[in-house]
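To start, the structure itself, in structure tokens.
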Amino acid sequence: MTLQQKYNPAVIEPKWQEFWEKEGSFRTSEDRTKPKFYALIEFPYPSGEGLHVGHPRPYTALDIVSRKRRMEGYNVLFPMGWDAFGLPTENYAIKNKIHPRVVTERNIARFKQQLRSLGFSFDWSREVNTTDPDYFKWTQWIFLKLFEKGLAYKQEMPINWCPSCKIGLANEEVVNGSCERCGSGVEMRVKNQWMLKITAYAQRLIDDLELVDYIDRVKVQQRNWIGRSEGAEVDFAVVGTSRKLRVFTTRPDTLFGATYMVISPEHPLIEEFKDRISNYAELAAYREQAKRKSDFERAELTKDKTGVEIKGLSALNPVTGKEIPIWVSDYVLMTYGTGAIMAVPGHDERDWEFAKKFGLPIVEVVAGGDVEKEAYTDTESGIMVNSGFLNGLEVSEAKQKITAWLEEKGLGERKVNYKLRDWVFSRQRYWGEPIPLVHCEKCGWVPVPEDELPVLLPEVENYEPTDTGESPLANIREWVETTCPKCGGPGERETDTMPQWAGSSWYFLRYTDPRNDEELASKENLDYWLPVDWYNGGMEHTTLHLLYSRFWHKFLYDLGVVSYPEPYKKRTSHGMILGENNEKMSKSRGNVVNPDEIVAEYGADTLRLYEMFIGDFEKSVPWSTDGVRGCRRFLERFWRLQEIAVPGESYSAELETNFHKTIKKVSQDYENLKFNTAIAAMMTLLNDISDVARITHAELKTLLILLNPVAPHITEEMWVNMGFPGYVHEQAWPKWDPDKVVDETVNIAVQVNGRVRGEITVSLTDPVERARELAMANPNIQRFTAGKTIVKEIYVPGKIYNIVVK
RNA sequence: GCCGGGGUGGCGGAAUCGGCAGACGCUACGGACUUAAAAUCCGUUGGGCAUUUGUGCUCGUGCGGGUUCAAGUCCCGCCCCCGGCACCA
């Protein structure tokens, strides 16, 4: 055909976007006979900044997979929504005296328009929004179920407090002692907070990683974060009292080497025996000092241990029967184990340092090191010494024996501990889901009845966070004051709201049945669609969102709401896109690239292609404007294939193998996050076609289908331009013939003594004799073999021919 | 400190059941087209040496050893970078 128009994405892209929308091309079908495929990307927080070039990277990746799956005959669910509660919106609203709902609506509209301009095949009819009362009704419902099962409880506890955001933070939100969001230093504050008992699921969260296909670093990080450790709890008698001091240790085998004990400054023992302690004032002062430090500061001062001996109290080592002192030090944390330890300075670095500093005895109980120089911490193979009935055993055997002994004598027991802490679920904020509970003087905490959900946020003109740390909702008396659902007496609503992680912990369930007002989603839909087949998201969500949503899912599984214990079958992760200067993109660094500008100047297909071609999908990579231009150039050249298209419903002889190879490569690479090499393969093929200067209709069709998932607009346009029947997105994914992916003849290298000295053209079936004959015809080979004897020949068909001479 | 991942041209990156290192793209340089420029097209582009200009030799994948006909790839010992965890007993 003769080509009239130039490639003009500004015209064809909006045209196709409207077409797909109007036709409902990517609407998920109700056809349950097809195999299903549920692709999920993390729904964005619609910030005021608008879309960032980092957003389209994972979206395009799974858009590619989704589009390919549709062409392979799957019923695909590829939805999108908004994680729209959150601090920036609230802060902006407070500052500008606008209701956060209005800000949210505006931000969503902007995001949506930007996403549409990129041509993603989302089924927009299933859009969800965590701030929509019809949605958070079910977030509240799940909370009530957790409350009902005793997994939500309110507790007075020291929390991480961000003085700038005026908000309590979960451990996971504290990064190096600073607020993850705003970066200011975190303080400890005691507050009465709602907690979720994620620790009850710790073991299952580890075990069920076996059921899923997550990239390794995600599994590793989850295990690491949950931090399982096996050991024993042991009771030490406090001399002269009936009180026992219980410790947790992973090294019960070293019990004979426990020469003193250390308790955390917050440990109740101090108050209990206030009267017997002769230096109470000193201890109280130490405790005050420790209180002022955050956990982070405590941890920072690793090198210099501090502590005070409790005078007037001592303990008995249960195996040696020796009286040992009890110390207080802030290197022991109240929040882990029992808040008390047995110190074995010979075999624990921290205890060793402490013992050296305060002149406490060090006893060697595992042979192999020099405990006067440093703690010897070999954990498995060392031999026990100075340890009574454990002498001569290996560490691992000694662990077994002593634990059995302790259990038999009633002095202790086997114990597993986890670093994972319960989830601080309260936020003292307005813009979040209200916690649907009422406090009644008489009945305590009473759930709002299910049929009264959702508990809506009160409509107010404006509000401010409070310095006391109370939620702004506390000031809105007409909302707070209510009646107790149980006794009908006066009650007060809970004024804390839920954290942002609440709504995102179950959103993927809602997509399966987004308008259901009877249930969070119908069982039928949940059973058909779940688990999510492929979930891609950022590594930064591994210990937060991913763990939380797995926890909620398991809880819903226990309730019978969902039928599979894990929500996501496969999890992958993308790398960040950095600024052109190789630094993280940020406004303050002035290196932010706005996707709107790229779409306006080069088109959405170029942006998509570039973001996939830019480099290894899993790694961070700097933005390059020149790279974008190169991708646009490729699409221009691709567009001009129309000029050299010739009729023909088969592959041409000269390109046939090439096409089969490319189909194979592209098909496989799209599945393995290797979008960059898939695109490179298509570029190579385009170069080869340009050399031939001709492309048959059959070839062009195949190529259009292969490129379609990456560049959907240009391929649809060219398909129609060529007068091919139907539309690209309705075509079947091309197949490759395994017999046709190998070249009949190949050039292989000929080596002499392992060095390449020439090249021969052989067929795969040629015997070594043929290779030798061809090789020896080469003057350069002759030069290197002349006058020498051949001692060995290595011939690997299709790979190499190596002659070893002497 | 512990646990992951990684170190390859000027740049982003290919190639790891051991088999021609640098695919593909960018940049740069040269040429064509143009009054000129842009765009486009063609060619060159890891270093060094030689060259009859066809090419040949040689060094080269963080460093030092090793295995092998053959090592970016495997083994041993180091260095550095990125991410996570970190006084968790």
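When reading the values below, keep in mind they use all heavy atoms of this one structure, side chains included, and skip hydrogens, waters and symmetry mates. Here is how names work: the chains are called A, B, and so on, in the same order as the sequence lines, proteins then strands, and each is numbered from 1.
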Taking N and O atoms by type only, does the side chain of A:Asn802 place a donor or acceptor under 3.5 Å from a partner on the base of B:rC69? yes

If only side-chain N and O atoms count, and only distance matters, is there a donor-acceptor pair under 3.5 Å linking A:Glu793 with A:Tyr801? yes

When you compare the side chains of A:His541 and A:Glu42, does any donor N or O come within less than 3.5 Å of an acceptor on the partner? yes

With P as the reference atom in both, quote the distance from B:rG65 to B:rA39 in angstrom, rounded to an integer. 49 Å

Rounded P spacing from B:rC59 to B:rA21 in Å: 12 Å

How is A:Gly630 classified with respect to the nucleic acid when contacts are heavy atoms under 4.0 Å: base, sugar-phosphate, or nothing? sugar-phosphate

Using atom P in both nucleotides, what's the gap between B:rU58 and B:rU53 to the nearest angstrom? 22 Å

Of all the choices, B:rC20, B:rC69, B:rC24, which nucleotide is nearest to the side chain of A:Val756 once you look at every atom? B:rC20

Is the phosphate of B:rU58, meaning OP1 or OP2, less than 4.0 Å from a side-chain N or O of A:Arg757? yes

Can you tell me how far P in B:rG60 sits from the matching atom in B:rA70, rounded to whole Å? 15 Å

Out of B:rC85, B:rU27, B:rC87, which nucleotide sits closest to the side chain of A:Asp626? B:rU27

Between A:Arg629 and B:rU40, is there a side-chain N or O to OP1/OP2 distance below 4.0 Å? no

In this structure, is the centre-to-centre distance between the rings of A:Phe354 and A:Tyr260 below 6.0 Å? yes

Should the pair A:Glu374-A:Lys356 be classified as a salt bridge under the 4.0 Å nitrogen-to-oxygen rule? no

Taking atom P in both B:rC33 and B:rA28, compute the distance separating them and give it to the nearest angstrom. 22 Å

Atom CZ of A:Arg694 with >12 non-hydrogen neighbours under 6.0 angstrom: no

Nearest to the side chain of A:Val621, heavy atoms from C-beta on, is which of B:rG25, B:rA89, B:rG12? B:rG12

Would a line drawn from the ring center of A:Tyr610 to the ring center of A:Trp623 be shorter than 6.0 Å? yes

If you count heavy atoms of other groups shown closer than 6.0 angstrom to NZ of A:Lys674, is the number above 12? no

Rounded to whole Å, CD of A:Gln221 lies from P of B:rC3 at a distance of 15 Å

Between NZ on residue A:Lys619 and CE on residue A:Met576, distance to nearest 0.5 Å: 14.0 Å

P spacing across the pair B:rG43 / B:rC26, given as an integer number of angstrom: 14 Å

Does A:Gln751 reach a base, just sugar-phosphate, or nothing at all? Heavy atoms under 4.0 Å. base

Counting Watson-Crick and G-U wobble pairs with both distances under 3.5 Å, what is the dot-bracket string for RNA chain B, 5' to 3', using [ ] for crossing pairs and | for pairs to another strand? (((((((..(((......[....))).(((((.......))))).(((((....)))))..(((((..]....))))))))))))....

Nearest to side-chain heavy atoms of A:Val220, which nucleotide of B:rA89, B:rC3, B:rC85: B:rC3

So for atom CD, which belongs to A:Glu349, do other residues, nucleotides or ligands contribute more than 12 heavy atoms lying within a distance under 6.0 Å? no

Look at the side-chain N and O atoms of A:Arg640 and state whether any lies under 4.0 Å from the OP1 or OP2 oxygen of B:rC41. yes

A:Thr249 side-chain proximity, nearest of B:rC69, B:rA89, B:rC24: B:rA89

OP1 or OP2 of B:rG25 versus the side-chain N and O atoms of A:Asn687: is any pair under 4.0 Å? yes

Please report, rounded to the nearest Å, how far the C1' atom of B:rA14 is from the CE atom of A:Met682. 16 Å

Has the side chain of A:Lys305 got a donor or acceptor that lies under 3.5 Å from a partner of the other kind on the base of B:rC87? yes

Length of the CH2-P vector between A:Trp623 and B:rC26, whole Å: 15 Å

A:Asp216/A:Lys219 salt bridge by N-O under 4.0 Å criterion: no

Would you indicate which nucleotide in B:rG12, B:rA89, B:rC57 comes nearest to any side-chain atom of A:Phe248? B:rA89

Anti or syn - B:rG6, cut at 90° from 0: anti

Can you tell me how far C1' of B:rG19 sits from CG of A:Asn747, to the nearest Å? 15 Å

Salt bridge or not for A:Glu353 and A:Lys357, using N-O below 4.0 Å? no

Within the structure shown, what part of the strands sits under 4.0 Å from A:Ser620 by heavy-atom distance: base, sugar-phosphate, or nothing? sugar-phosphate

Return the nearest nucleotide to the side chain of A:Thr684; candidates are B:rC26, B:rC24, B:rG13. B:rC24

Using a 4.0 Å heavy-atom cut-off across all strands, classify A:Arg783 as base, sugar-phosphate, or nothing. sugar-phosphate

P atoms of B:rG9 and B:rG46, separation to the nearest Å: 12 Å

Span that lies between the P atom of B:rC17 and that of B:rC74, in whole angstrom: 9 Å

A:Phe675 CZ - B:rA14 P separation (whole Å): 13 Å

Using a 4.0 Å heavy-atom cut-off, does A:Arg637 contact any base of the nucleic acid, only the sugar-phosphate backbone, or nothing at all? sugar-phosphate

Give one of base, sugar-phosphate or nothing for A:Glu759, where a contact means two heavy atoms less than 4.0 Å apart. base

Which is true for A:Ile341 with a 4.0 Å heavy-atom rule: it touches a base, it touches only sugar-phosphate, or it touches nothing? base

Side-chain donor-acceptor pair present, A:Thr335, A:Arg421, cut-off under 3.5 Å: yes

A:Ser229 vs B:rA89: side-chain N/O to OP1/OP2 distance below 4.0 Å: yes

For A:Phe617, answer base if it contacts any base atom (sugar-phosphate contacts may also be present), sugar-phosphate if it contacts only those atoms, and nothing otherwise; contact means non-hydrogen atoms under 4.0 Å. nothing

RNA chain B: A:Asn753 or A:Thr677, which has the more 5' nearest nucleotide? A:Thr677

Value in whole Å for how far the C1' atom of B:rG60 lies from CZ of A:Arg755: 11 Å

Would you mind reading off the distance between A:Met612 atom CE and B:rG25 atom P, rounded to a whole angstrom? 19 Å

Comparing A:Val804 and A:Lys665 on RNA chain B - which has the more 5′ nearest nucleotide: A:Lys665

Side chain of A:Lys799 only, heavy atoms from C-beta on: which candidate in B:rG19, B:rC85, B:rA14 is closest? B:rG19

What is the distance, rounded to the nearest whole Å, between atom CD of A:Glu540 and atom P of B:rC85? 12 Å

Think A:Asn780 has a side-chain N or O under 4.0 angstrom from the OP1 or OP2 of B:rC57? yes

Anti or syn - B:rG13, cut at 90° from 0: anti

